[in-house]
Amino acid sequence: MRGFARRERERGDMNPPSNLLDEALGLGHGGAIAALPAGRVVLVEDCVETSGAFVLHHLLKRALSAGEGGGDVLFLALAQPFSHYDRVLRKLGCSLSVQRNNNKLHFFDMLKLEFPGLTGGNDIESGFVGLYSKIQRAIEARRSKEYSRGCITIMIDDLSLLEIAACGSIDCVLDFLYYCISLTAELDCSLVILNHEDIYSSEEAPRFLSHLEYLADIVIKTEPLSTGLSADVHGQVCLLLLNNTIDHFQQRDFQQTWAFNEQNS
Amino acid sequence: MAETICRSLRDGSLEGEQAPALTIKDSLQSPLGSHVFDHFLSTLVSHISAGRSQASGLVLVAFNRSPSFYLDLFKRKGLDASPVDKSFRILDCFSDPLGWKDRLVDSASAEKSILKDSATVFKNVRDVNKLSSSILDLGNGFIGEGKVRFAVAIDLVSNMLRHVSLPSVAGLLNNLRSNDRISCIFWLIHSDLHEPRASAALEYISTMVASLEPMMQSSDGQKTSGSLLWLEENSRKAKFHVRLKRRNGRVKLLYEELHMEQAEIRFEAASSVKTIVDQNLLPRVQFNLQLSDKERADRSNVVLPFEHQGNGEAIQIYDGRRSLSEGQKDPHLMQPSAFSHKMDAQSNNDKGEIHYIRDSDDERPDSDEDPDDDLDI
């Protein structure tokens with residue numbers, strides 16, 4: 001960590017322009033709120049000791065609060081119901097209900113998602129094709145509106161539950177991700193994925209997690225403090241910028257680590 | 001070394017022989033393989049556009065990045081658009097590799113190809129035969145004098161291996177190499193996404209293997225968030241190992257250092273001075289295994305027994321047959337006795353000393369007799 005001192009930031013107080021994570025991600029230049037730039041793939045990796053959901057909430061709020069240059073959000077919710085995210089974002093000063101009514105937020109409630117994979121792999125693939133079709137149609141519908149020119153952010157919370165819905169078919173999950181990534185190039189979208197890195201077995205974990213890291217431009221890892229103290233309210237965020245061709249990030253350090261503390265559960 | 005590879009790709013194949021094949025291999029520990037691939041790709045396209053290569057065109061099989069990325073890449077490299085359009089074709093396996101988008105509109109044909117600028121969308125990457133014929137069909141479109149050859153580049157074989165078995169991929173690559181219209185072929189693979197046999201199989205069918213290794217090795221073999229220096233160093237630099245198989249059967253091993261600066265890649269001759277050494281080489285134990293500066297200086301000044309000084313003075317080597325009493329010095333000796341209880345140092349205080357203390361003072365000194373004295377040879 002060169003040239004950066006660790007600072008503690010409150011989870012519930014990540015307002016521009018003084019947030020280090022936003023600076024590192026290139027959000028909020030000159031005090032203006034901005035969403036993730038188009039074409040970016042962000043992977044948030046967390047663990048049992050330190051949940052990374054707050055990063056997702058923060059990026060969700062940034063995307064919905066962006067000004068004229070901002071876009072919409074497609075949120076694939078497999079972990080929590082809408083009421084949970086609505087409650088959390090209200091504490092951050094953002095009303096998901098209003099955003100959904102304004103068609104800026106497209107919330108896919110997938111708590112009970114289950115692909116009919118018991119009869120064979122083709123059904124699982126068909127399920128993912130159907131899911132992808134919904135996403136593409138929603139994006140194309142937004143793009144057809146003349147006033148919608150900003151970046152559309154696709155968020156997945158979280159990838160491990162998508163794998164469960166696919167009956168453990170990692171290949172199908174990767175195929176689906178590759179198709180979502182193709183949208184980042186074709187339709188000016190960005191992709192944010194939350195994944196738990198500590199739930200995979202020793203045999204399958206290395207390759208699947210490696211696949212994800214190869215796909216990502218930015219990896220955000222949330223971990224407990226190295227001292228291990230107060231793991232439930234304190235932690236550290238490690239940000240890895242993996243794509244050297246991103247001009248925006250060339251002036252920045254490759255990796256930065258901050259400590260955070262949580263005031264709101 | 002990188003120049004050697006570029007020349008080999010540019011010069012292409014000899015009549016009646018298989019085309020040169022390059023494997024670029026990297027891992028997450030040194031993830032610069034894509035940049036190396038882009039470097040060789042843009043260099044070869046530049047040669048092709050200028051008419052300096054055997055190939056009249058290049059077919060890129062894009063699994064990992066969109067066609068627009070590569071067109072932007074050539075613009076950033078300053079390649080003229082018009083010559084590039086004539087000599088460059090993309091088989092787009094990125095946008096719709098499995099034909100899902102066709103199923104969105106309930107299309108009856110899952111293998112319909114849409115010509116879009118210089119990119120042809122390919123929608124069934126699981127059909128290796130169809131993939132091979134599509135590559136050759138695109139190559140047939142190049143115009144040139146005499147026998148027209150073209151080059152083939154595959155931006156990520158690792159993605160192919162997700163859909164197709166290793167024997168099928170190896171067979172495809174071998175068939176392309178054996179095709180007399182192929183000038184050269186090269187591809188990228190992420191070695192940590194496959195079993196070692198996959199990398200080995202591809203290396204067997206390659207005439208050149210370029211491997212990227214991290215400048216700094218991590219202690220536990222995996223990235224950790226605490227290894228900031230390790231991650232940062234390996235994100236911008238790498239060791240570039242090249243193995244070339246000559247036509248006469250000889251194998252040449254070359255080594256360079258690779259540096260990424262402002263999205264541009266640069267190859268340098270290996271420099272031991274610039275190599276960053278991992279300071280944590282000593283095991284972490286309770287004992288102090290390190291030396292202080294004074295201890296290092298004293299160690300360097302120690303004159304070892306039987307060590308030739310070469311300082312112009314007469315050198316005599318003590319043969320160990322004569323025993324010396326304690327405190328007695330032989331004026332002819334240049335070296336301290338190895339059989340004394342203590343080895344006395346020279347009067348010069350700058351020289352180091354070796355102090356030998358017996359484990360037990362009651363122990364009799366070793367016999368001064370040469371055990372071979374009784375031999376009658």
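Atom set for the values below is all heavy atoms of this structure, side chains included, hydrogens, waters and symmetry mates excluded. Quick note on labels: first sequence line is chain A, next is B, and so on, each numbered from 1.
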Okay, side chain of [X], backbone of [Y]: is any donor-acceptor separation there less than 3.5 Å?
X: A:Tyr179; Y: B:Leu98; result: yes
X: B:Arg103; Y: A:Val129; result: no
X: A:Tyr178; Y: B:Phe94; result: no

[X] portion near chain A, given a 4.5 angstrom heavy-atom threshold:
X: B:His194; result: backbone
X: B:Ser158; result: neither
X: B:Ser95; result: both
X: B:Asp92; result: neither
X: B:Asp96; result: both

Rounded to the nearest 0.5 Å, how far does CG of B:Leu28 lie from CD of A:Glu213?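 Between atom CD of A:Glu213 and atom CG of B:Leu28 there are 5.5 Å.
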
Could you tell me which portion of A:Leu183 (side chain, backbone, both or neither) has an atom closer than 4.5 angstrom to a non-hydrogen atom of chain B?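 Neither; nothing under 4.5 Å.
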
Is any side-chain N of the basic residue among A:Glu125 and B:Arg126 closer than 4.0 Å to the acidic one's carboxylate O?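 Yes, this pair counts.
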
Check this for me: does any side-chain nitrogen of one of B:Arg162 and A:Asp175 sit under 4.0 Å from a carboxylate oxygen of the other?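 Yes, charged N to carboxylate O under 4.0 Å.
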
Just wondering, do A:Gln136 and B:Lys101 contact through their side chains at under 4.5 Å, heavy atoms?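 The answer is yes; the side chains approach within 4.5 Å.
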
Do B:Asp192 and A:Tyr214 have side-chain N/O donor and acceptor atoms under 3.5 Å apart?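 Per modelled atom types, B:Asp192 and A:Tyr214 side chains form a pair under 3.5 Å.
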
